[in-house]
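Notes follow the structure.
Counting convention: from 1, in listed order, for ligands and their atoms alike.
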Amino acid sequence: MNKLQILVVEDDAPVRNLITTTLKVHDYRHITAASGEAAIREASSRNPDVVLLDLGLPDMDGVEVIRRIRSWSNMPIIVISARSEDVDKIEALDAGADDYLTKPFSVEELLARLRVTQRRLAAAQSEALSADSVFINGRLRIDFAAGCAYIDGGELHLTPIEYKLLCLLAKNVGKVLTHTFITQKIWGSSWDNDIASLRVFMATLRKKLEAAPDSPQYIQTHIGVGYRMLRVE
Ligand code: CA
C-alpha cells in the first residue's frame with residue numbers, strides 16, 4: 001500500500017530524476033518542485049503525504065521552507081542535504097523537519113526513511129482514532145493517565161526525569177528530536193551541562209527499557225544531533 005504522494009523538492013535535475021524514478025518503481029506517487037516558492041505552493045495546494053526537501057535551493061534556504069510549511073501543516077518533512085554538517089541538520093530538525101538524509105544517499109536509505117514515515121503516519125492515524133491515553137509500541141506500553149510504563153506487562157521503575165524523557169520520545173515516535181529540543185522540554189533550558197545530563201539519563205533509561213542496551217531497539221542515537229524512538233514491529 002505504497003500509495004503515498006511525495007512532494008520532491010530539489011533544484012538539481014539529475015538528483016530529482018533519480019528520486020522520482022525510485023519512487024515510481026516503488027509505487028509512490030510524486031509531484032516535484034525546483035524552488036522554495038514552488039515547494040510552498042505545491043505543499044499548500046496538493047497537500048502531499050510527505051515532503052522530501054533539499055536544503056540548498058536557488059531562491060531560499062530550505063529551513064525557511066520548513067518554517068513556512070510548519071506555520072500551517074504538520075505534514076512529514078524529510079530533509080535531503082549535501083551539507084554533512086550537524087548544525088544544518090539540527091537547524092532543520094528544530095525548524096520542524098522530521099528526519100534527514102545526507103547526500104550522497106542510497107536508494108535503500110531513501111526507501112527506509114519513507115517506510116519509517118509511513119509507519120508513523122499509520123500509527124498517528126490509529127492513535128487519533130482510538131483517542132485513548134495509552135501508548136503501545138512492541139513490548140512497551142505507557143499509560144499516560146496512570147503515569148506508568150510497562151515492558152511485557154511488568155512495570156518499569158523510572159525516575160520522574162526518565163519517565164518524562166520516555167513520554168517525550170513516545171509522543172514523537174519516528175521523529176528525530178534534537179538535544180536542544182529535548183533539554184528544552186525536560187529542563188526548560190539547553191546548556192551544555194543539560195546535554196551532558198541528558199546523555200546520563202538516556203543511558204539509565206535504556207538500561208531499564210532495552211533488552212540489550214548495546215544494540216537498542218527502541219531509542220536510536222543520532223551522534224551529535226539527538227535521539228529518536230523507533231516503531232517496533
Ligand atoms: Ca540543491
Quiz item: Should the pair Asp11-Arg16 be classified as a salt bridge under the 4.0 Å nitrogen-to-oxygen rule?
Solution: no
Exercise. Take the angle between the ring planes of Phe201 and Trp187 and call it parallel below 30°, perpendicular above 60°, tilted in between.
Key: tilted
Quiz item: With the threshold set at 4.0 Å, does a side-chain nitrogen-carboxylate oxygen contact exist between Glu162 and Lys207?
Solution: no
Self-check item: Reported CZ-to-NZ distance for the pair Arg29 and Lys24, which is rounded to 0.5 angstrom
Solution: 14.5 Å
Quiz item: With Asp98, which of Arg120, Lys89, Arg113 fulfils salt bridge (Lys or Arg N to Asp or Glu O under 4.0 Å)?
Solution: Arg120
Practice problem: Indicate the ring-plane relationship of Phe135 and Phe144, choosing parallel, tilted or perpendicular according to the 30° and 60° boundaries. | Solution: tilted
Quiz item: Under 3.0 Å from the Ca ion (ligand 1), which protein atoms of type N, O or S occur, listed by chain and number?
Solution: Asp11 OD1, Asp54 OD2, Gly56 O
